Amino acid sequence: MRILILGGDGYLGWPTAMHFATRGHEVTVYDNYLRRRIALETDSEPLVSLLPLPERASRFEAETGKRIRVVLGDCCNLEQLLQTVRETAPEVIVHYAEQPSAPYSMADRGAARLTFENNLGATFNVIWAVLEAAPDCHIVKLGTMGEYGTPNIDIEEGWIDVQHKGRTQKFLYPRQAGSLYHTTKVLDTDLLWFYVRLYGLQVTDLMQGPVYGLSTPEMDLHPELATAFNYDDIFGTVVNRFITQAVAGVPLTVYGKGGQTRGYLNIKDTLQCIELAANSPPGAGQLRVLNQFTERFSVNQLAERVKGVGDKMGLSVEIRPVDNPRKEAEDHYYNPAHSGLLDLGLQPLFLTDDVMSAMLERVLQHREAIDQRKILPRVRWNS
Ligand code: USQ
């Protein structure tokens with residue numbers, strides 16, 4: 001397949017590009033380094049610094065003989081994006097090109113505006129680039145489980161049948177996100193659904209939970225092929241943060257009561273999910289929504305498990321709850337469906353003790369690079 005990966009420099013974008021290129025697909029990555037710029041501005045650089053994309057692609061070619069074409073461009077520039085879509089004639093576009101940090105989106109007015117304009121502007125332009133230059137292309141879009149929030153009823157996979165006064169209609173499942181970032185993803189979904197309904201686009205919208213991990217077969221080929229592994233409060237997701245905190249000897253930062261439950265997945269499973277979605281397009285005029293996670297646990301359960309494995313490795317891990325910087329339910333019902341990707345063939349890789357100890361070992365190799373000033377929360381939701 002000809003695959004265009006928007007946001008191909010990111011935590012998920014770069015491993016996705018290598019994954020598809022290794023399997024013989026024709027891969028182009030497109031990125032404007034927005035995440036790198038925000039990381040610099042907010043003092044949130046990843047654990048190991050990254051080569052520029054063209055140099056990473058050269059390293060990948062040297063290791064595998066496979067080529068990844070790199071275009072440095074901005075999805076918010078429609079002409080630039082259109083040109084790339086015309087040149088690459090993609091059969092699949094994987095759209096990751098969004099500001100992905102909930103805390104950043106809540107930092108101040110400037111960060112909120114950037115998140116809003118970038119995320120909605122990018123999705124709008126992706127839609128129009130496809131309509132004008134590749135109308136049969138399948139858009140695989142990264143949404144988030146956070147679109148649903150934490151309702152007090154079961155979460156379905158994208159859609160729900162509503163019965164009202166004796167009649168029934170299928171609607172998008174109600175969404176109520178807990179940050180502006182998550183809300184931009186809600187708005188993306190509505191925008192995509194509009195263009196699917198009225199213009200016949202084909203879209204898979206993946207509601208993904210927090211991802212963890214720093215190893216894929218391709219990343220493991222050479223240190224210069226690593227992805228952006230963040231442990232700071234801005235870009236670091238909770239599993240990656242707790243693993244790094246355990247290594248640094250910093251008490252694990254459970255926010256509030258720690259009953260917050262989410263659906264998690266290994267970065268290797270993200271790659272499986274994207275590939276499964278790309279291999280089975282939903283068809284013109286279809287919006288397919290899949291809930292993308294493999295297991296769920298609360299923040300407290302996660303902290304206890306990291307402590308258990310860390311202690312066995314001699315790290316003596318402490319857990320110290322901190323005042324929750326976010327506005328979120330700390331004790332809630334959470335029962336989301338997630339059978340769609342399993343039906344497509346997903347073989348989950350769970351967060352076992354072995355997986356955690358491999359992550360701890362890997363982060364231990366970079367212990368000296370951990371900057372403890374990046375760990376405690378620096379953004380409060382209501383400030
Ligand atoms: N949390 C802690 N301590 C920490 C960090 C986080 O208790 O040190 C808690 C948070 O309060 C939250 C939960 O852990 O309840 C998950 O937080 P997170 O930072 O791992 O995830 P989140 O901010 O929701 O965002 C991440 C990605 C985002 C993706 C989302 C999926 O950054 O791009 O969309 O996970 S989901 O959470 O399902 O919406």
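It should be emphasised that the depicted structure is a prediction, and the values quoted were computed from it without experimental measurement. Order of appearance sets the numbers: ligands from 1, and atoms from 1 within every ligand.
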(request) Considering only NZ, NE, NH1 and NH2 on the basic side and carboxylate oxygens on the acidic side, decide whether R59 and E63 come within less than 4.0 Å. (result) yes
Do me a favour and list the nearest non-hydrogen protein atom to [atom] with residue, atom name and distance?
atom	result
atom 32 (O) of ligand 1	P100 O, 3.4 Å
atom 18 (P) of ligand 1	V238 N, 3.9 Å
atom 39 (O) of ligand 1	T144 OG1, 2.7 Å
atom 3 (N) of ligand 1	T253 O, 2.6 Å
atom 19 (O) of ligand 1	R326 NH2, 3.0 Å
atom 25 (O) of ligand 1	H182 NE2, 4.1 Å
atom 26 (C) of ligand 1	T237 CG2, 3.7 Å
atom 29 (C) of ligand 1	Y181 OH, 3.6 Å

(message) Could you check whether Y173 and Y148 have their ring centres less than 6.0 Å apart?
(response)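 Between Y173 and Y148, which both carry aromatic rings, the centre distance is below 6.0 Å.
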Tell me which part of [X] gets within contact of ligand 1: side chain, backbone, both or neither, using heavy atoms under 4.0 Å.
X	answer
V299	side chain
P210	both
E328	side chain
F293	neither

(request) With R35 as the cation and F235 as the aromatic partner, state whether NZ or CZ is under 6.0 Å from the six-membered ring centre and within 45° of the axis. (result) yes
Close-contact set for ligand 1 against [X] heavy atoms, below 4.0 Å:
X	result
A102	23 (O)
Q208	31 (C), 38 (O)
Q260	11 (O), 15 (O)
G146	36 (S), 38 (O), 39 (O)

(message) Do Y104 and T42 pair up side chain to side chain, a donor and an acceptor below 3.5 Å, judged on atom types alone?
(response) no
(message) Assess the residue pair R23 and E218 against the criterion (salt bridge (charged side-chain N to carboxylate O under 4.0 Å, His left out)); give the C-alpha distance rounded to whole Å, side-chain angles, the decisive distance to 0.1 Å, and a yes or no.
(response) CA-CA 11 Å; R23 283 154 185 76; E218 293 80 24; 3.5 Å; yes
Give yes or no for whether the N/O distance cutoff of 3.5 Å, strictly under, is met between [X] and ligand 1.
X	result
Y255	yes
R241	yes
V254	no

(message) Tell me whether ligand 1 is touched by F235 - counting only heavy atoms on the residue side and a distance under 4.0 Å.
(response) no
Parallel under 30°, tilted from 30 to 60°, perpendicular over 60°: which one fits the rings of [X] and [Y]?
X	Y	value
F297	Y264	parallel
W193	W159	perpendicular
Y334	H332	perpendicular

(request) With rounding to the nearest 0.5 Å, note down the distance linking CG in L72 to OH in Y30. (result) 9.5 Å
